[in-house]
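Report on the structure given below.
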Amino acid sequence: MLTIAPKGTKDMLPKDAYKWHFIENRFADICQRYGFKEIRTPVFEHTELFVRGVGDTTDIVQKEMYTWEQAKRSLTLRPEGTSPVVRAIGENKIYADPQPTKLYYNISCFRYEKPQSGRLRQFHQFGVETFGSHNMISDAEVIALADDFFKELGIKDIELHINSIGCPECREKHRAALRDFLQPNLEKFCETCKDRFDRNPLRMLDCKSPACQELVTGAPVMLDYLCDDCKRDFEMLQSNLTAMGVEYVVDPGIVRGLDYYNGTAFEFVTNTIGAQGTVCGGGRYDNLSESIGGPAIPGVGFGLGKERLLLVMEAAGIEIPNEESADILVAFMGDVAKNEALKLVRELRRRGLNAEIDALGRNLKGQFKYADRLNVKNTIVIGENELNEGKVAIKKMASSEQVTINYNIDEIISEIK
RNA sequence: GUGGGUGUAGUCAAGUGGUUAAGACAACGGGUUGUGGCUCCGUCACGCGUGGGUUCGAAUCCCAUCACCCACCCCA
């Protein structure tokens with residue numbers, strides 16, 4: 001019990017850490033080019049933030065939050081990244097800066113769910129948010145950032161799906177029409193769809209059951225119910241995406257599971273990593289700030305799952321460059337040479353080299369073997385002979401070529417380089 | 001929460017009631033006192049996820065339990 005991590009959590013080991021470093025650096029880099037600045041918010045927030053932000057009828061709030069009481073306050077590990085950021089910009093009055101405010105983050109989130117491929121209880125995501133703009137340029141910019149990010153990583157098996165879920169007004173009209181359409185046949189639907197009827201009838205449109213698919217054909221489509229403003233926005237979004245060269249497909253099935261969304265909704269999906277194929281999902285949330293008691297600030301953004309991203313890259317066979325192996329291993333023989341070796345390793349490290357020394361007391365042959373296993377580039381030998389003669393041998397491991405030079409730090413360094 | 005699958009050393013694995021639980025890779029040591037990748041030798045599960053039960057005898061059969069994986073739901 002004490003020797004296993006809690007269900008749904010994973011240790012990040014050195015054999016994987018370099019992959020995380022890689023995608024994190026690439027993400028920070030593209031955000032920099034798109035003008036997004038990093039924000040870091042606390043891992044936990046007041047529970048109420050998520051209840052009101054994400055929505056108290058959502059699965060996340062109803063059954064997936066890690067919540068506890070402390071000092072008579074209810075606190076919750078963040079299940080998503082947007083609400084905390086919205087809270088932070090309101091609290092810190094960032095809306096007084098030149099608008100729009102463009103932020104990105106790199107966080108872990110927590111949801112109590114049953115783990116499966118591409119789903120963990122502690123998972124990690126990148127996110128970006130743009131605040132203060134109603135303009136569809138912002139939506140297109142956010143989407144283009146994600147699109148470029150995938151392309152720069154060499155990912156091809158991923159498709160952008162976009163939709164508009166309308167404003168509260170047109171969405172309500174559509175829901176009413178949808179319910180009228182579905183009601184007569186409600187008994188014929190699967191059990192999950194019957195549940196969805198009240199909570200989120202839109203979900204019934206992309207049920208996996210063939211029987212439900214049948215019953216759903218010809219149902220009213222959201223896009224036909226958009227009010228003039230929403231319709232104009234959605235057309236503008238598409239026009240902007242096209243202008244930027246972003247390929248997309250309109251998918252009326254895109255439904256966001258968090259209550260705060262309106263208008264633009266999008267997902268980057270793949271079928272290469274199992275059932276959880278949404279690698280990146282987001283949209284517009286113009287009413288979120290107000291609904292948590294903040295100022296009226298429109299926003300648009302996305303969350304991008306890092307675990308899923310890595311799964312996609314792995315499935316596509318995309319190689320991530322591993323960290324460089326050591327430049328040199330200092331092998332030694334005998335106690336006098338040991339002291340000399342310790343001094344040398346430290347000096348080499350201070351001079352910026354990745355230098356290694358055997359800490360297990362192996363014999364010379366063992367030290368060479370160790371150097372080989374670590375894929376060290378050079379091995380230098382220090383023994384009585386070297387100390388007496390003031391010369392050292394450096395062996396280039398790849399070619400087995402060995403040179404003898406003066407025992408002098410500058411000569412050693414220039415020989416290695 | 002519901003369903004399916006899997007659990008033998010660090011990893012991959014043989015073994016399906018009967019002597020001391022194959023093998024491979026890895027790791028570590030060594031092949032006569034100073035040089036790796038090849039090769040050779042050695043070490044490495046009183047133990048088969050855990051706990052019960054059946055049996056003269058169980059990794060192998062039964063029950064329970066735990067863990068991991070996958071899928072539903074939902075989402076990143």
Item checked: Side chain of A/K369 - closest among B/A71, B/A76, B/G36 -> B/G36
Check: In terms of side-chain heavy atoms of A/N385, which of B/G34, B/C72, B/G31 is nearest?
Finding: B/G34
Expressed as a whole number of Å, how far does the [atom1] atom of [N] sit from that of [M]?
| N | M | atom1 | answer |
| --- | --- | --- | --- |
| B/C70 | B/A59 | C1' | 26 Å |
| B/G3 | B/C73 | P | 16 Å |
| B/A14 | B/C61 | P | 15 Å |
| B/G1 | B/G57 | C1' | 43 Å |
| B/G18 | B/U43 | C1' | 30 Å |
| B/A21 | B/G31 | P | 32 Å |
| B/C69 | B/U8 | P | 14 Å |
| B/A26 | B/U60 | P | 31 Å |

Under a 4.0 Å threshold between the charged nitrogen and the carboxylate oxygen, would [Y] count as salt-bridged to [X]?
| X | Y | result |
| --- | --- | --- |
| A/R87 | A/E45 | yes |
| A/R111 | A/E80 | no |
| A/R26 | A/D29 | no |
| A/E38 | A/R40 | yes |
| A/R33 | A/E152 | yes |
| A/R351 | A/E347 | yes |
| A/K173 | A/D224 | no |

Can you tell me the base-pairing partner of [N]? Count Watson-Crick or G-U wobble geometry only, both distances below 3.5 Å, and say none if there is no partner.
| N | value |
| --- | --- |
| B/A45 | none |
| B/G23 | B/C12 |
| B/G1 | B/C72 |
| B/U55 | none |
| B/G7 | B/C66 |
| B/U35 | none |

Spacing of [X] atom [atom1] relative to [N] atom [atom2], expressed in whole Å:
| X | N | atom1 | atom2 | value |
| --- | --- | --- | --- | --- |
| A/L374 | B/U35 | CG | P | 20 Å |
| A/D195 | B/C74 | CG | C1' | 13 Å |
| A/R78 | B/A76 | CZ | P | 15 Å |
| A/F123 | B/A76 | CZ | P | 7 Å |
| A/D372 | B/C38 | CG | C1' | 11 Å |
| A/Q116 | B/G5 | CD | P | 17 Å |
| A/N363 | B/G31 | CG | C1' | 11 Å |
| A/L202 | B/C74 | CG | C1' | 15 Å |

What contact category does [X] fall into here, base, sugar-phosphate, or nothing, at under 4.0 angstrom with non-hydrogen atoms?
| X | answer |
| --- | --- |
| A/E386 | base |
| A/I273 | nothing |
| A/A371 | nothing |
| A/Q276 | base |
| A/Q402 | base |
| A/G274 | sugar-phosphate |
| A/V381 | base |
| A/A146 | nothing |
| A/Q367 | nothing |

Do [X] and [N] have a side chain to base donor-acceptor pair shorter than 3.5 Å?
| X | N | result |
| --- | --- | --- |
| A/R119 | B/C73 | yes |
| A/R111 | B/C74 | no |
| A/K395 | B/G36 | yes |

Check: Going by atom types only, do A/E389 and A/Y407 share a side-chain donor-acceptor pair under 3.5 Å?
Finding: no
Counting only side-chain N and O atoms of [X], is one of them less than 4.0 Å from OP1 or OP2 of [N]?
| X | N | result |
| --- | --- | --- |
| A/K10 | B/C69 | yes |
| A/K7 | B/C68 | yes |
| A/T379 | B/U35 | no |

Next item on the list: Provide the closest heavy-atom pair for A/M65 versus A/P79 in the form atom of the first, atom of the second, distance.
Entry: SD-CG, 4.0 Å
Next item on the list: Flag the pair A/I357 / A/F332 as yes when at least one side-chain heavy-atom distance between them is below 4.5 Å, and no otherwise.
Entry: yes
Notebook entry, point to check: Are any non-hydrogen side-chain atoms of A/E324 and A/N354 less than 4.5 angstrom apart?
Noted result: no
Notebook entry, point to check: For RNA chain B, whose closest nucleotide is more 5', that of A/S399 or that of A/C280?
Noted result: A/S399
Note to self: Closest-nucleotide mapping onto RNA chain B: is A/P6 or A/G118 further toward the 5' terminus? I mean the 5' end.
What the structure shows: A/P6
Look for any protein N or O under 3.5 Å of an N or O in nucleotides 25-28 of chain B and output each such pair with its distance, or none.
| from | atom 1 | to | atom 2 | distance (Å) |
| --- | --- | --- | --- | --- |
| B/A27 | OP1 | A/R373 | NE | 3.4 |
| B/C28 | OP1 | A/R362 | NH2 | 2.7 |
| B/C28 | OP2 | A/R373 | NH1 | 2.7 |

